[in-house]
Amino acid sequence: MPADDPVTVLSEDGWDLLSSVALGRFVVVADGRAEIFPVNFITQRRTLLFRTASGTKLYQAVMSDRIAFEADGHSDVEGWSVIIHGRAHLLTARDEILDAEDAQLLSWPATVKPHFVRVIAMEISGRRFKFGPAPVR
């Protein structure tokens, strides 16, 4: 890919980018329909953690055998987007919950979110985009 190419394919450095932001989108497919949930999250040892209350998001996280997660960010000169495909795991064992609590993930809204969900990546991909004018045709 040329050095001046406005789009760069990301690899494992996607984890560094994910750890630099706190808001992403958790995606599941239920009954043939994509459901997208914005969540605040934190990375921990190449996994993602988010908290949730009981309800649709938790149910879908537990029942779906495959999920997607997307986060993005930008500066004045570039943007990026990282996508994870993987599995979600409800943390139930005491040691898993204590480990998740050590990550100090704080919920943005002032609501009770007693459940931790860990997203385990099976695949990570992404793109970095340089901003600028469209090329002359």
Side-chain angles (χ1 to χ4, degrees):
M1 199 175 291
D4 61 345
D5 195 327
V7 179
T8 304
V9 175
L10 300 173
S11 57
E12 291 299 312
D13 54 346
W15 284 108
D16 292 335
L17 293 170
L18 287 172
S19 67
S20 73
V21 296
L23 182 66
R25 286 151 293 283
F26 178 69
V27 183
V28 295
V29 175
D31 297 323
R33 177 184 164 128
E35 298 289 342
I36 302 169
F37 303 96
V39 296
N40 63 292
F41 72 97
I42 195 164
T43 60
Q44 187 183 46
R45 295 184 307 277
R46 294 189 177 249
T47 67
L48 300 174
L49 285 172
F50 68 87
R51 297 182 81 143
T52 188
S54 297
T56 304
K57 185 182 348 170
L58 178 61
Y59 177 78
Q60 293 301 334
V62 172
M63 297 306 293
S64 298
D65 63 341
R66 285 180 258 157
I67 60 88
F69 188 91
E70 189 272 345
D72 47 45
H74 66 88
S75 69
D76 290 341
V77 296
E78 70 177 11
W80 58 267
S81 179
V82 174
I83 299 172
I84 287 178
H85 289 97
R87 300 196 193 302
H89 173 68
L90 173 64
L91 304 185
T92 56
R94 182 169 162 41
D95 60 328
E96 290 178 319
I97 294 168
L98 290 173
D99 183 47
E101 287 174 346
D102 283 345
Q104 298 186 15
L105 171 63
L106 301 174
S107 180
W108 284 7
T111 58
V112 176
K113 295 186 176 186
H115 305 288
F116 283 100
V117 175
R118 185 178 303 279
V119 174
I120 301 166
M122 309 303 274
E123 178 184 331
I124 182 169
S125 62
R127 304 276 187 280
R128 185 183 301 271
F129 312 97
K130 291 181 189 172
F131 299 155
V136 177
R137 290 184 175 220

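A pairwise comparison of heavy atoms in A61 and A88 identifies O-CB, 3.6 Å as the closest pair.
Atom OG1 of T8 is separated from atom CZ of R127 by 10.0 Å, given to the nearest 0.5 angstrom. In this structure, I83 CD1 and E123 CD are separated by 9.0 Å, a value rounded to the nearest 0.5 Å. Between the CD atom in Q60 and the OG1 atom in T52 there is a gap of 11.5 Å [rounded to 0.5 Å]. Note that CD1 of I84 and CE of M122 are 12.0 Å apart. Values are rounded to the nearest 0.5 Å. L49 CG to Q104 CD: the interatomic distance, rounded to the nearest 0.5 Å, is 12.5 Å.
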Side-chain polar contacts of residues 110-121 - donor-acceptor pairs under 3.5 angstrom, sequence neighbours left out - could you list them?
{"from": "H115", "atom 1": "NE2", "to": "S54", "atom 2": "OG", "distance (Å)": "3.1"}
{"from": "R118", "atom 1": "NH1", "to": "Q44", "atom 2": "OE1", "distance (Å)": "3.0"}
{"from": "R118", "atom 1": "NH1", "to": "T47", "atom 2": "OG1", "distance (Å)": "2.8"}
{"from": "R118", "atom 1": "NH2", "to": "Q44", "atom 2": "OE1", "distance (Å)": "3.0"}
{"from": "R118", "atom 1": "NH2", "to": "D99", "atom 2": "OD2", "distance (Å)": "3.4"}

Listing, residues 68-77 side-chain donor-acceptor contacts under 3.5 Å, not counting sequence neighbours, or none:
{"from": "E70", "atom 1": "OE1", "to": "R25", "atom 2": "NE", "distance (Å)": "2.8"}
{"from": "E70", "atom 1": "OE1", "to": "R25", "atom 2": "NH2", "distance (Å)": "2.6"}
{"from": "E70", "atom 1": "OE2", "to": "S81", "atom 2": "OG", "distance (Å)": "2.9"}
{"from": "D72", "atom 1": "OD1", "to": "R25", "atom 2": "NH2", "distance (Å)": "3.3"}
{"from": "D72", "atom 1": "OD2", "to": "R25", "atom 2": "NH2", "distance (Å)": "3.0"}
{"from": "S75", "atom 1": "OG", "to": "V77", "atom 2": "N", "distance (Å)": "3.2"}
{"from": "S75", "atom 1": "OG", "to": "E78", "atom 2": "N", "distance (Å)": "3.3"}

Output side-chain donor-acceptor pairs under 3.5 Å for residues 28-42, partner residues at least two apart or in another chain, one line each.
{"from": "R33", "atom 1": "NE", "to": "E35", "atom 2": "OE2", "distance (Å)": "3.1"}
{"from": "N40", "atom 1": "ND2", "to": "L106", "atom 2": "O", "distance (Å)": "2.5"}

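By the criterion of side-chain heavy atoms lying less than 4.5 angstrom apart, applied directly or through intervening Ile, Leu, Val, Met, Phe, Trp or Tyr residues, V62 is grouped together with I67 in one hydrophobic cluster. With hydrophobic clusters built from ILVMFWY side chains whose heavy atoms lie under 4.5 angstrom apart, V21 shares a cluster with V82.
Within the structure, ring-ring contact (aromatic ring centres under 6.0 Å, His included) pairs that include any residue of residues 117-137 do not occur (at least two apart or interchain). Residue pairs meeting the salt bridge (Lys or Arg N to Asp or Glu O under 4.0 Å) criterion with at least one partner in residues 57-67, sequence neighbours excluded, do not occur; the list is empty. The salt bridge (Lys or Arg N to Asp or Glu O under 4.0 Å) contacts involving residues 83-98 comprise nothing, where partners must be two or more places apart or lie in separate chains.
A heavy-atom distance below 4.5 Å is found between the side chains of W15 and L48. Between F26 and S64, the closest side-chain pair of non-hydrogen atoms is not below 4.5 Å.
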